[in-house]
Amino acid sequence: RGGVMTWRVGPETSLVQLAATIVLADTGAGNARVRLYTTDRPDDLGGATDTPQSEIVLAKPCATLVGGVMVLHPLNGDGAMVLLTGLPRWGELVSAAGVIVTDGSVTDLDGDGDFRVAGGETPEGETSPLLYAGGLVLLGETSLS
């Protein structure tokens, strides 16, 4: 024993897992949402203790499967209110029931972050836009595969 396990999942299994993720995210009163944070990403999933910079409410269903990936759909195409000025560093997908589904990095639309956002200029040397309190943030094309 002592060997490293290296599971591989076929595309059909992956699609079923993504479809189940959409069901999980949409289960509960209200809507799923993406919370953005300016702080360092915690080591543990669901470990956020800080106030979110913004919460982007998602439509219901919150996502669709397109070309083998789960694509998130914001409820409001005009954006979500920014509550705190700063650079979004990470975000989490929260189900309609308040369960943390996943978390990941945040970048501007040109970056390769897990969540890609727009709403401000990206300072030199940074990968995320500087968002200002009172402004709006838009969730760009964001997918989970």
Side-chain angles (χ1 to χ4, degrees), residues 6-145:
T6 55
W7 287 94
R8 290 194 272 187
V9 176
E12 295 83 3
T13 304
S14 180
L15 285 176
V16 169
Q17 289 173 328
L18 291 173
T21 300
I22 294 171
V23 171
L24 172 65
D26 280 336
T27 299
N31 293 63
R33 59 199 64 239
V34 173
R35 292 182 185 149
L36 303 178
Y37 294 92
T38 60
T39 57
D40 291 334
R41 187 172 168 189
D43 291 334
D44 298 320
L45 182 69
T49 58
D50 300 305
T51 301
Q53 181 183 31
S54 183
E55 283 195 351
I56 302 166
V57 178
L58 301 176
K60 208 165 202 175
C62 66
T64 54
L65 296 177
V66 179
V69 297
M70 184 179 94
V71 178
L72 298 176
H73 303 297
L75 178 64
N76 184 346
D78 294 332
M81 181 68 66
V82 176
L83 305 174
L84 303 168
T85 298
L87 297 164
R89 299 294 186 192
W90 70 282
E92 58 189 5
L93 173 60
V94 182
S95 77
V99 173
I100 307 303
V101 177
T102 188
D103 67 11
S105 63
V106 176
T107 64
D108 60 20
L109 298 180
D110 293 329
D112 59 358
D114 300 306
F115 299 101
R116 297 172 56 230
V117 299
E121 295 294 321
T122 301
E124 184 73 30
E126 292 290 343
T127 58
S128 291
L130 178 58
L131 305 176
Y132 291 96
L136 296 175
V137 60
L138 297 166
L139 183 64
E141 188 174 302
T142 298
S143 60
L144 176 66
S145 58

- Note on the structure: To the nearest 0.5 Å, atom OG1 of Thr21 lies from atom CG of Asp26 at 11.0 Å
- Query: Between Val82 and Leu36, does a side-chain contact (heavy atoms from CB on, under 4.5 Å) hold up when you go through it step by step?
  - Reply: CA-CA 9 Å; Val82 176; Leu36 303 178; over 6 Å; no
- Is the closest side-chain heavy-atom distance between Trp90 and Ser105 below 4.5 Å? no
- Heavy atoms only: give me the nearest Pro52-Arg35 pair and the separation to one decimal. CG-CD, 3.9 Å
- Message: Please determine whether a side-chain nitrogen of the Lys or Arg among Arg41 and Glu92 lies less than 4.0 Å from a carboxylate oxygen of the Asp or Glu.
- Response: no
- Note on the structure: Value for CG (Leu87) from OG1 (Thr122), rounded to nearest 0.5 Å, stands at 8.0 Å
- Task: Return the minimal non-hydrogen interatomic distance between Leu83 and Ala133, and the atom names on each side.
- Result: O-CB, 3.6 Å
- Task: Heavy atoms only: give me the nearest Gly104-Phe115 pair and the separation to one decimal.
- Result: N-CE1, 3.8 Å
- Message: For the backbone of Gly30 and the side chain of Lys60, can you confirm whether one donor and one acceptor N or O come within less than 3.5 Å of each other?
- Response: yes
- Task: Report yes if the side chains of Val34 and Leu93 come closer than 4.5 Å at any heavy-atom pair, otherwise no.
- Result: yes
- Nearest atoms (heavy-atom pairs only) where Ala96 meets Thr27: CB-O, 3.6 Å
- Roughly how far, to the nearest 0.5 Å, is the CG atom of Leu72 from the OG1 atom of Thr64? 9.0 Å
- Is Leu131 close to Ser54 at the side-chain level, that is, under 4.5 Å between some pair of heavy atoms? no
- Query: Going from CG on Leu18 to OG1 on Thr13, what distance comes out if it is rounded to the nearest 0.5 angstrom?
  - Reply: 11.0 Å
- Task: Measure the OG-CG distance between Ser143 and Asp114 for me, rounded to the nearest 0.5 Å.
- Result: 9.0 Å
- Message: A side-chain contact here means heavy atoms from C-beta on lying under 4.5 Å apart; do Glu141 and Val66 qualify?
- Response: no
- Looking only at heavy atoms, what is the nearest atom pair of Thr39 and Arg89, with distance? O-CB, 3.5 Å
- Task: Determine the minimum heavy-atom distance between Leu58 and Asn31, stating which atoms define it.
- Result: O-ND2, 2.8 Å
- Heavy-atom check, side chain of Glu121 versus side chain of Leu130, under 4.5 Å: no
- From CG (Asp110) to OG1 (Thr127), nearest 0.5 Å: 11.0 Å
